[in-house]
Amino acid sequence: MENAAEALKMFFAVFVFSLALSVFFRMTSVAKDTTDKIFEAIDKTTYVNYNADTSYGANRKVKFQDMIPTIYRYAQEGYGVTIIDSGEIVARFDLDTESQVSSCFWNDRYHSASQIEKKKSNDIKAEICKYLNDNIISKVNSLEPNITSMTNLDENSLDILVKKIYSTGETDPKKELVYTSWLSANTYQNNNVTQRVNCDMYGGITNFSLKNPGVNETDLNYIAGKHKSFYSNGLLEKYKDDTFTESIVQLDRNEYIKDENDQDTGLLVFGTIRYTKKREIIYIKNN
């Protein structure tokens, strides 16, 4: 009888110990989850996972602070971000567009270029216009209710837009070039994209330097390029108290190779799933 009583005591002790251990691990797990959520909420670099495209309107209303993580990750995630104010594009973050911009002539170099170079440059400008008109401007104009109205870009308006967004900050118009120096082959691209966003976010002008061994800072070729913020004090200061309507466009980037009769062959230009879809995130300032 005494053995049975002792056995019951031991069983109860083990049961209480197991219960306490389970509660301890559960509380530790809850505490960790809570801590992770708190740090995620206060971390400005946290990436926000967005919903899919909506056909009849925008996904949500956001503050400018909510847009910051999305802007900083545009290069890593491979999407485009467009900020619109009063029916005009005031910021554009997209590696595809930036690469195209760098391939064009936007200044006096155009006049000294060959006919082949001019044609290539004009063709690329036409592609940029068409892309923005078809995928950004048309989307904004289709939103219900109509938040703002936008006019399609032509070559002249595109020229003005690009010079505003990708200005080098040179005071002499003859020296002002339009190119995305943060994508230069001679620079550390990932770090420089962050520099570019910092410049647009906080204002001023940033220099992109050649960091290759053997290049001295006193060398005239040390500076690879400059970038000037659209607003002197930056986007954050300009829009810190404003709200935006967010719209997301999911684009199908499948392109089929054509045969000699200009018919689809069934072979895709992009061979992996990664390149078949692209997301465009549009922010429209609310009045």
Side-chain angles (χ1 to χ4, degrees), residues 48 50-62 64 66-75 77-104 106 122-167 178 180 183 193 196-197 200-201 230-231 235 238-239 242-255 275-287:
V48 180
Y50 292 95
N51 297 325
D53 176 40
T54 54
S55 300
Y56 300 102
N59 287 358
R60 60 177 184 167
K61 298 289 191 297
V62 297
F64 186 79
D66 300 323
M67 299 158 47
I68 293 175
T70 306
I71 295 172
Y72 270 97
R73 292 189 63 85
Y74 84 95
E77 301 295 333
Y79 51 70
V81 179
T82 305
I83 301 176
I84 296 169
D85 184 2
S86 302
E88 293 186 359
I89 298 175
V90 297
R92 170 81 175 152
F93 303 90
D94 175 57
L95 291 182
D96 292 337
T97 305
E98 292 155 19
S99 297
Q100 288 179 309
V101 166
S102 292
S103 301
C104 291
W106 301 92
N122 291 335
D123 289 344
I124 293 174
K125 288 182 180 181
E127 289 179 11
I128 299 175
C129 267
K130 186 177 188 309
Y131 184 88
L132 294 178
N133 289 335
D134 292 349
N135 300 305
I136 306 297
I137 294 177
S138 64
K139 176 64 176 180
V140 173
N141 288 335
S142 69
L143 292 177
E144 295 293 342
N146 193 341
I147 301 171
T148 187
S149 58
M150 300 186 69
T151 304
N152 277 357
L153 294 170
D154 56 22
E155 185 175 336
N156 292 330
S157 56
L158 177 67
D159 187 83
I160 295 172
L161 171 68
V162 168
K163 286 183 178 179
K164 284 182 178 179
I165 295 178
Y166 302 115
S167 170
V178 175
T180 53
L183 299 185
V193 168
R196 177 264 168 122
V197 177
D200 286 329
M201 195 66 63
F230 185 90
Y231 296 108
L235 293 167
K238 172 70 175 177
Y239 296 118
D242 295 315
T243 60
F244 290 76
T245 297
E246 177 191 73
S247 180
I248 300 177
V249 181
Q250 189 87 338
L251 302 175
D252 186 353
R253 301 180 72 195
N254 286 341
E255 296 182 15
Y275 296 106
T276 59
K277 299 290 184 182
K278 180 176 180 179
R279 180 172 291 181
E280 286 285 354
I281 305 174
I282 308 169
Y283 293 108
I284 307 158
K285 180 179 174 293
N286 298 321
N287 297 324

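Reckoned from all heavy atoms, side chains included, excluding hydrogens, waters and symmetry mates.
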Trainee: Going by the angle between their ring planes, with limits at 30° and 60°, are Phe244 and Phe64 parallel, tilted or perpendicular?
Mentor: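 Judged by the thresholds at 30° and 60°, the geometry between Phe244 and Phe64 is tilted.
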
Trainee: Nearest 0.5 Å, what's the OG-NZ distance between Ser103 and Lys125?
Mentor: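 Separation between the atoms: 12.0 Å.
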
Trainee: Looking only at heavy atoms, which two atoms of Ser149 and Asn141 are closest? And how far apart?
Mentor: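 What the structure gives for the nearest pair is CA-OD1, 3.4 Å.
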
Trainee: Closest approach of Val193 and Ala75, non-hydrogen atoms and distance?
Mentor: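 Nearest pair, atom of Val193 first, then Ala75: CG1-CB, 3.7 Å.
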
Trainee: Tell me whether Arg92 is salt-bridged to Glu98, with the criterion being a basic N under 4.0 Å from an acidic carboxylate O.
Mentor: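 Looking at Glu98 together with Arg92, the answer is no, because their closest N to O distance does not fall below 4.0 Å.
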
Trainee: Going through the distances and angles, do Thr82 and Val140 end up as a side chain to side chain contact (heavy atoms under 4.5 Å, CB included)?
Mentor: CA-CA 11 Å; Thr82 305; Val140 173; over 6 Å; no

Trainee: State the CG-CZ distance between Asp66 and Arg60, to the nearest 0.5 angstrom.
Mentor: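 Atom-to-atom, Asp66:CG and Arg60:CZ are 6.0 Å apart.
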
Trainee: Walk me through whether Leu183 and Ser99 qualify under side chain to side chain contact (heavy atoms under 4.5 Å, CB included).
Mentor: CA-CA 8 Å; Leu183 299 185; Ser99 297; 3.9 Å; yes

Trainee: Please check if atom CD in Glu88 has more than 12 non-hydrogen atoms from other residues, nucleotides or ligands closer than 6.0 Å.
Mentor: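 No, CD of Glu88 has 12 or fewer neighbouring heavy atoms, counting only those of other groups under 6.0 Å.
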
Trainee: Taking Asp159 for the side chain and Glu155 for the main chain, is one N or O donor matched with an acceptor at less than 3.5 Å?
Mentor: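 No.
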
Trainee: Between Glu280 and Lys278, does at least one N-O distance fall below 4.0 Å, as a salt bridge requires?
Mentor: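 Counted as a salt bridge, because a side-chain N and a carboxylate O are separated by less than 4.0 Å.
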
Trainee: Taking all non-hydrogen atoms of both residues into account, name the closest pair between Lys139 and Ser247 and its distance.
Mentor: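 Result for this residue pair: CE-OG, 3.0 Å.
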
Trainee: Does any non-hydrogen side-chain atom of Thr245 lie less than 4.5 Å from one of Ile282?
Mentor: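 Not in contact.
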
Trainee: Heavy atoms only: give me the nearest Ile124-Gln100 pair and the separation to one decimal.
Mentor: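 Nearest heavy atoms, Ile124 then Gln100: CG2-O, 3.6 Å.
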
Trainee: To the nearest 0.5 Å, how far apart are OG1 in Thr70 and CD1 in Ile248?
Mentor: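 Between atom OG1 of Thr70 and atom CD1 of Ile248 there are 8.5 Å.
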
Trainee: Is there a side-chain contact between Leu153 and Leu161 (heavy atoms, below 4.5 Å)?
Mentor: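 In short, these two side chains touch, coming nearer than 4.5 Å.
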
Trainee: Got a donor-acceptor contact below 3.5 angstrom from the Thr243 side chain to the Val62 backbone?
Mentor: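 No, the answer is negative, given that no donor and acceptor are paired below the 3.5 Å cut-off.
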
Trainee: Determine yes or no for a side-chain-to-main-chain donor-acceptor pair under 3.5 angstrom, with Tyr74 supplying the side chain and Leu95 the backbone.
Mentor: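 Pair absent, no side-chain N/O of Tyr74 close to backbone of Leu95.
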
Trainee: Tell me, with the steps shown, if Asn286 and Lys61 meet side chain to side chain contact (heavy atoms under 4.5 Å, CB included).
Mentor: CA-CA 9 Å; Asn286 298 321; Lys61 298 289 191 297; 3.5 Å; yes

Trainee: If you look at every heavy atom in Ser138 and Asn135, which pair is closest and at what distance?
Mentor: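 Reported closest heavy-atom pair: OG-N, 4.0 Å.
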
Trainee: Would you check if the side chain of Ser157 reaches a backbone N or O of Asp154 as a donor-acceptor pair within less than 3.5 Å?
Mentor: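 Pair found, side chain donor or acceptor close to backbone of Asp154.
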
Trainee: Side chains of Tyr239 and Asp85, heavy atoms from C-beta outward: is any pair under 4.5 Å?
Mentor: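 When only atoms from C-beta onward are counted, Asp85 and Tyr239 do touch, with a gap below 4.5 Å.
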
Trainee: Does Asn152 offer a backbone N or O that forms a donor-acceptor pair with the side chain of Asn133 under 3.5 Å?
Mentor: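 A pair under 3.5 Å: no.
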
Trainee: Do the side chains of Phe230 and Lys238 get nearer than 4.5 Å, heavy atoms only?
Mentor: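 In short, these two side chains do not touch, never coming nearer than 4.5 Å.
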
Trainee: Going from CD1 on Ile136 to CD1 on Ile84, what distance comes out if it is rounded to the nearest 0.5 angstrom?
Mentor: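 Reported to 0.5 Å precision, the distance equals 7.0 Å.
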
Trainee: Is the backbone of Phe93 close enough, under 3.5 Å, to the side chain of Thr97 for a donor and an acceptor to pair up by distance?
Mentor: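 No: the side chain of Thr97 does not pair with the backbone of Phe93.
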
Trainee: Checking Ser86 against Lys285 for the side chain to side chain contact (heavy atoms under 4.5 Å, CB included) test, could you report, in this order, the C-alpha distance in whole Å, the side-chain angles of both residues, the deciding distance, and whether it holds?
Mentor: CA-CA 7 Å; Ser86 302; Lys285 180 179 174 293; 6.0 Å; no

Trainee: What distance separates Ile83 CD1 from Ile281 CD1, expressed to the nearest 0.5 Å?
Mentor: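 If I round to the nearest 0.5 Å, the distance is 11.0 Å.
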
Trainee: Do Asp96 and Tyr131 meet the criterion of a side-chain donor-acceptor pair at a distance under 3.5 Å?
Mentor: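 The criterion, which ignores hydrogens and geometry beyond distance, is not satisfied for Tyr131 and Asp96.
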
Trainee: To the nearest 0.5 Å, what is the distance between CG on Leu143 and OG1 on Thr148?
Mentor: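 Interatomic distance, Leu143 CG to Thr148 OG1, rounded to 0.5 Å: 10.0 Å.
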
